[in-house]
Protein chains: 2
Amino acid sequence: MKAEARITVNEGKYLKLIYRKQHEEFSRVRTTVVAKSVRVRPATVTEMLQNLAEKGLLRYTRYRGVRLTEKGFAEAQKLLRKHRILETLFVRFLNYDVQKACDEASKLDHYASEDLVNTICRAYGHPETCPCNKTIFSHEGCEEKPLGKARWKII
Amino acid sequence: MKAEARITVNEGKYLKLIYRKQHEEFSRVRTTVVAKSVRVRPATVTEMLQNLAEKGLLRYTRYRGVRLTEKGFAEAQKLLRKHRILETLFVRFLNYDVQKACDEASKLDHYASEDLVNTICRAYGHPETCPCNKTIFSHEGCEEKPLGKARWKII
DNA sequence: AAATTTTTTAGGTAAGACCTAACTTTTCCT
DNA sequence: AGGAAAAGTTAGGTCTTACCTAAAAAATTT
């Protein structure tokens with residue numbers, strides 16, 4: 001468990017995937033399946049799982065599977081929250097369709113600051129689900145607070 | 001000149017910097033100055049300039065300086081356009097102050113698709129300058145087109 | 001023209017993401 | 001149960017990006 005250190009985009013990609021599979025689809029996270037979905041060889045997935053384990057983001061038992069730790073769970077939720085709030089923005093503000101919104105959000109979520117995401121979240125009154133109906137986790141420090149003027153203004 | 005190939009975030013950072021210095025501040029692009037502003041050793045800057053030259057984004061004469069090619073010029077404008085439109089969104093929609101908007105835009109501009117940026121551009125009626133008054137270059141394919149419903153709706 | 005400053009070259013390092021081939025476990029069938 | 005097939009892992013690479021230091025070479029200053 002290599003202590004803190006920032007998470008890379010790629011690590012984030014795996015965390016989101018694992019979270020969805022495990023906590024939203026209640027299915028087992030299989031190396032081969034992940035490999036297919038990330039378009040990478042199984043060996044690469046194994047490597048990444050070990051790496052995530054070293055960083056304390058999940059527990060990994062070889063041949064048996066994987067389970068997010070508190071920290072990994074939190075990190076995944078943080079990312080998915082960003083992702084889903086961005087989706088919300090793109091659909092509501094720009095009229096993007098769900099698929100496009102999701103694609104775009106995938107490109108940006110990792111890089112968007114929490115502050116940005118929280119501000120958007122507030123602007124939309126703390127939505128509970130994203131445009132595709134997945135839940136948007138709530139987050140401390142994202143309540144109250146003044147809103148952007150856009151709220152009262154016809155753009 | 002190594003043909004196409006995608007530009008990395010970092011390459012983009014240099015292009016934006018060079019563009020601003022050369023075409024907006026009309027000052028010479030000096031290795032040492034760039035090094036300071038990017039917080040890197042001069043040798044690293046030289047290396048990057050050579051690299052950008054190989055990719056055909058600028059012409060580089062050692063000890064003498066650098067000049068963007070058509071391609072590099074276009075690339076820089078593309079990025080700055082993204083940057084400035086994102087700033088516009090953050091200031092107008094979220095009420096961000098200019099500095100914060102700029103910081104956030106810096107993190108995202110490289111990753112935002114042109115489509116996204118154009119859609120935002122349209123939503124704000126093709127603004128000509130960003131919140132800090134720098135010009136937002138216009139872009140083919142970013143005119144007309146239907147707008148997001150946000151335009152007619154009080155959010 | 002010397003001294004100083006700036007820039008470049010040469011020769012590294014390190015992290016991230018990948019891969020193939022061979023090996024080990026687990027799972028599935030008969 | 002027991003062996004074949006499938007799934008997962010290890011070992012030992014490669015490649016790209018982005019850095020760095022020290023020494024050498026040009027350009028500037030004085």
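Chain letters run A, B, ... following the sequence lines, proteins first and then strands; every chain starts at 1. As the structure is a prediction and not an experimental result, all values here were calculated from the model.
Sequence order on DNA chain D of the closest nucleotides to B:Thr8 and A:Gly65 puts A:Gly65 first from the 5' end. Nearer the 5' end of DNA chain C, as judged by each residue's closest nucleotide, is the contact made by B:Pro42, out of B:Pro42 and A:Val9.
Cluster membership check: B:Val29 does not share its hydrophobic cluster with B:Tyr63, using side-chain heavy-atom separations under 4.5 Å among Ile, Leu, Val, Met, Phe, Trp and Tyr.
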Kindly give the atom pairs (protein nitrogen or oxygen, nucleotide nitrogen or oxygen) under 3.5 Å for nucleotides 25-30 of chain D.
none

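Salt-bridge annotation for A:Arg20 and A:Glu25: absent, with no side-chain N of the basic residue lying under 4.0 Å from a carboxylate O of the acidic one.
Using a 4.0 Å heavy-atom cutoff across all strands shown, A:Thr44 reaches at least one base atom of the nucleic acid. Counting non-hydrogen atoms under 4.0 angstrom, A:Thr31 reaches the backbone sugars and phosphates but no base.
For the pair B:Lys55 NZ and D:dT16 P, the computed distance is 10 Å after rounding to whole Å. The distance between atom CD1 of A:Ile7 and atom C1' of C:dA15, rounded to the nearest whole Å, is 16 Å. As rounded to whole Å, 5 Å separates atom P of C:dT20 from atom CZ of A:Arg41. Distance, B:Asn10 CG to C:dG16 P: 15 Å, rounded to whole Å. Put simply, CE on B:Met48 is 9 Å from P on D:dT17, counting in whole angstrom units. Residue A:Leu49 contributes atom CG, which lies 14 Å from atom C1' of D:dT10 at whole-angstrom precision. Separating the CD atom of A:Glu11 from the C1' atom of C:dA15 is a distance of 11 Å, rounded to the nearest angstrom. With rounding to whole Å, A:Arg6 atom CZ is found 17 Å from C:dA15 atom P.
When each of C:dA17, C:dC18, D:dA22 is scored by its nearest atom to the side-chain atoms of B:Ala43, the top-ranked nucleotide is D:dA22. Considering only side-chain atoms of B:Glu47, the nucleotide from D:dT10, C:dG11, D:dG13 that sits closest is C:dG11. In this structure, of D:dC19, D:dG12, C:dT9, it is C:dT9 that holds the atom nearest to the side chain of B:Gln50. Taking only side-chain atoms of A:Val40, from C-beta outward, the nucleotide of D:dC19, C:dT8, C:dC19 with the closest atom is C:dC19.
For B:Thr69 (side chain) and B:Leu57 (main-chain N/O), a donor-acceptor pair under 3.5 Å exists by modelled atom type.
Under 3.5 Å, the side chains of B:Gln22 and B:Ser27 contain no donor-acceptor pair of N or O atoms. Defined by atom type and a distance below 3.5 Å, a donor-acceptor pair is missing between the side-chain atoms of B:Asn133 and B:Arg84.
Pairs engaging residues 64-86 of chain A under the ring pair (Phe, Tyr, Trp, His ring centres under 6.0 Å) rule: A:Tyr19-A:Phe73, A:His23-A:Phe73 [sequence neighbours left out].
Results of the salt bridge (charged side-chain N to carboxylate O under 4.0 Å, His left out) test with B:Asp109 over B:Arg81, B:Lys82, B:Lys16 single out B:Lys16 as the only residue that passes.
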